[in-house]
Undergrad: 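Got a structure for you, questions after.
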Amino acid sequence: MQIIKDLFNGYPEPLLVLHHNNRKICYASHPSAAIDDLLGQNFDEAVTVIDANISGEPVACLKNQWLGFDERAFTWEDEEYTLIVFKQRNEIPDEETLASWRNMIAVMLHRFRSPLTGISGYVDMLSEYSDDEQQEKYFALIDKGINHLYDMMDELEILYTIDPNVIEDEDESTSLKAGKLIKSTLLDYPADVQQRIDIQSIDSDFELKGNPSSLKNIIELLVQNGLQHGADHTVTVSVPSERLIQVSNPGPAIPKAIADNIFSPFVTDKANGLGIGLTLALLYARQLGGTIFLSNNDDEEITFSLCLPE
């Protein structure tokens with residue numbers, strides 16, 4: 001086995017070497033995490049692998065990291081092995097990119113809030129001394145625009161404060177009925193919007209494990225994203241298993257240029273949004289040890305799948 005270690009020592013990506021016949025892990029390497037405890041375990045039991053129908057490509061959860069992987073066989077000294085090399089998912093921003101966003105947002109929030117507060121104060125003062133009804137309408141429009149800017153900065157502040165590298169402790173996780181969580185989340189929507197949301201049959205025994213607040217935030221963000229995709233279509237929420245929540249809406253398909261960067265902030269084809277809803281959903285999912293996939297994207301249906309850890 002020392003020869004195997006010598007072959008792959010210093011490899012820049014996480015990797016596993018399996019005995020080909022029983023798929024037991026005989027070598028494990030990760031540049032930023034200790035994974036020696038996987039040695040001797042069966043790969044399919046030690047690592048959570050996502051169904052390709054959900055992820056679109058082979059994806060596995062390795063030490064709370066959801067990574068794509070390539071698998072290939074090789075022979076060494078008449079012994080057959082399987083090499084599994086993990087890689088960052090193309091549509092998921094890496095750690096360096098996440099840090100750059102946080103730094104940029106911190107500067108934006110600091111530079112924008114003070115002058116905006118001053119503008120708002122001047123508008124209020126001018127409005128107070130004005131008796132012209134037409135001017136009052138203009139002041140109201142300006143005030144509405146200022147409030148919209150404040151709302152966007154509040155969204156940015158949430159994006160800035162979420163630390164995607166903090167995985168919740170076991171003590172923070174709670175088991176709760178899937179149906180109850182979904183229904184309580186959707187109660188926050190107006191009645192006319194609720195009529196556009198279809199909750200498909202959910203097994204009454206299904207229990208989701210995680211922080212209820214984070215789960216609720218993710219569902220809200222995914223549903224809101226679906227509602228914004230069309231003016232009058234229905235958004236479907238389903239829970240096929242205790243580790244999977246799916247939110248779907250009819251097409252048309254998301255353009256490839258956007259779909260390839262769907263979880264990056266400021267990527268949107270909507271005129272009034274920042275394009276950070278799916279980024280927030282992904283970061284909340286990461287805090288739960290989970291992830292999100294754009295698992296279907298065509299003119300018939302668009303589906304986002306939240307996968308939770310075992």
Side-chain angles (χ1 to χ4, degrees), residues 14 30 32-35 47-50 54-55 59-68 86 88-106 109 154-178 180-182 184-185 188 206-226 237 239 241-247 261-267 274-295 304-310:
H30 196 303
S32 58
I35 57 174
V47 178
T48 301
V49 179
I50 294 299
I54 296 172
S55 59
V59 174
C61 183
L62 179 70
K63 295 295 183 180
N64 290 321
Q65 286 185 293
W66 294 83
L67 304 166
F86 294 91
Q88 181 74 26
R89 288 167 56 196
N90 292 331
E91 75 276 23
I92 298 297
D94 58 28
E95 299 301 325
E96 185 176 343
T97 303
L98 286 171
S100 297
W101 292 343
R102 290 168 65 85
N103 292 335
M104 179 188 69
I105 290 170
L109 291 173
D154 289 342
E155 285 186 71
L156 287 173
E157 190 157 11
I158 295 172
L159 183 58
Y160 171 71
T161 55
I162 295 177
D163 187 347
N165 296 312
V166 176
I167 307 297
E168 68 173 25
D169 295 331
E170 279 292 323
D171 295 339
E172 296 176 350
S173 293
T174 304
S175 293
L176 60 162
K177 296 295 184 180
K180 183 178 180 180
L181 173 70
I182 303 294
S184 66
T185 300
D188 293 338
F206 279 173
E207 290 190 346
L208 302 172
K209 189 174 182 181
N211 183 295
S213 177
S214 295
L215 284 168
K216 186 174 181 178
N217 285 334
I218 297 167
I219 295 167
E220 285 180 343
L221 289 163
L222 293 180
V223 168
Q224 190 62 32
N225 178 75
V237 182
V239 185
S241 76
E242 294 178 315
R243 295 180 47 247
L244 180 63
I245 300 174
Q246 293 185 305
V247 178
N261 300 281
I262 196 70
F263 295 107
S264 296
F266 319 120
V267 176
L274 287 173
I276 65 174
L278 291 173
T279 308
L280 289 172
L282 176 69
L283 297 183
Y284 281 125
R286 285 183 55 167
Q287 288 188 327
L288 295 174
T291 192
I292 300 175
F293 299 98
L294 174 57
S295 51
F304 286 92
S305 298
L306 166 64
C307 294
L308 299 170
E310 292 183 338

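This one's a predicted model, so the numbers in the text were calculated from it and none came from an experiment.
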Undergrad: Return the CD1 to CZ distance between Ile35 and Phe86, rounded to the nearest 0.5 Å.
TA: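 Between atom CD1 of Ile35 and atom CZ of Phe86 there are 7.5 Å.
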Undergrad: Using only atom types and a distance under 3.5 Å, with no angle test, would you say the side chain of Arg102 pairs donor to acceptor with the backbone of Ile162?
TA: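 Yes, the answer is positive, given that a donor and an acceptor are paired below the 3.5 Å cut-off.
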Undergrad: Give me the atom names and distance for the closest heavy-atom approach of Ile54 to Cys307.
TA: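 Shortest heavy-atom separation between Ile54 and Cys307 comes out as CG2-SG, 3.9 Å.
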Undergrad: Any side-chain heavy atom of Ile245 within less than 4.5 Å of one from Ile218?
TA: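 Heavy-atom side-chain distance check fails, nothing below 4.5 Å.
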Undergrad: Do Glu91 and Leu294 have side-chain heavy atoms sitting under 4.5 Å apart?
TA: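 Not touching, per the 4.5 Å side-chain cut-off.
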Undergrad: Quick one: pull up CZ in Arg286 and CD in Gln65 and give me the separation to the nearest 0.5 Å.
TA: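 It comes to 8.0 Å.
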Undergrad: For Leu156 and Ile105, work out which heavy atoms get closest and say how close.
TA: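 Nearest heavy atoms, Leu156 then Ile105: O-CG2, 3.5 Å.
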Undergrad: Which heavy atom in Ser305 sits nearest to a heavy atom in Gln246, and how many Å separate them?
TA: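 Of all heavy-atom pairs spanning Ser305 and Gln246, the closest is OG-NE2, 2.8 Å.
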Undergrad: Would you give the length of the straight line joining atom CD1 of Ile50 to atom OG of Ser295, rounded to the nearest 0.5 angstrom?
TA: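 Between atom CD1 of Ile50 and atom OG of Ser295 there are 10.5 Å.
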Undergrad: At their closest point, which heavy atom of Ser264 faces which heavy atom of Thr279, and how far apart are they?
TA: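 It is C-OG1, 3.3 Å.
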Undergrad: Between Glu220 and Tyr284, does the side chain to side chain contact (heavy atoms under 4.5 Å, CB included) criterion hold? Intermediate values first, please.
TA: CA-CA 12 Å; Glu220 285 180 343; Tyr284 281 125; over 6 Å; no
Undergrad: Between Leu208 and Val239, is any pair of side-chain heavy atoms under 4.5 Å apart?
TA: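 In short, these two side chains touch, coming nearer than 4.5 Å.
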Undergrad: Under 3.5 Å, side chain of Arg243 to main-chain N/O of Leu308, donor-acceptor pair present?
TA: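 Confirmed, Arg243 side chain pairs with Leu308 backbone.
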Undergrad: Under the rule for side-chain hydrogen bond (donor to acceptor under 3.5 Å, both in side chains), what residues qualify as partners of Thr291, not counting sequence neighbours?
TA: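 Residues passing side-chain hydrogen bond (donor to acceptor under 3.5 Å, both in side chains) with Thr291: Arg89.
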Undergrad: If every non-hydrogen atom of Gly210 is compared with every non-hydrogen atom of Leu288, which pair is closest and at what distance?
TA: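 The answer is CA-CD2, 4.1 Å.
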Undergrad: Is any side-chain heavy atom of Leu221 closer than 4.5 Å to a side-chain heavy atom of Leu278?
TA: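 No, side chains not in contact.
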Undergrad: Given side chains that start at C-beta, do those of Val237 and Val223 come closer than 4.5 Å, heavy atoms only?
TA: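 Side-chain contact under 4.5 Å: yes.
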Undergrad: Any chance you could measure Leu98, atom CG, to Asn103, atom CG, to the nearest 0.5 Å?
TA: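 The CG atom of Leu98 sits 11.0 Å away from the CG atom of Asn103.
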Undergrad: Check whether any side-chain N or O of Asn217 sits under 3.5 Å from a backbone N or O of Ser213 as a donor-acceptor pair, and report yes or no.
TA: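 The answer is yes, because a donor-acceptor pair under 3.5 Å joins these two groups.
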Undergrad: Distance from Leu222 atom CG to Thr185 atom OG1, nearest 0.5 Å?
TA: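 Here the rounded value is 11.0 Å.
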Undergrad: Less than 4.5 Å apart, any side-chain heavy atom of Leu181 and any of Phe206?
TA: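 Sidechains of Phe206 and Leu181: no contact.
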Undergrad: Over all heavy atoms of both residues, which pair between Ala285 and Leu306 is shortest? Give the atoms and the distance, please.
TA: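 Minimum heavy-atom separation between Ala285 and Leu306: CB-CD1, 3.7 Å.
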Undergrad: So Ile92 and Trp66, do their side chains get closer than 4.5 Å, heavy atoms only?
TA: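 Side-chain contact under 4.5 Å: no.
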Undergrad: So how far is it from Phe304 CZ to Ile262 CD1, rounded to the nearest 0.5 Å?
TA: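 Here the rounded value is 4.5 Å.
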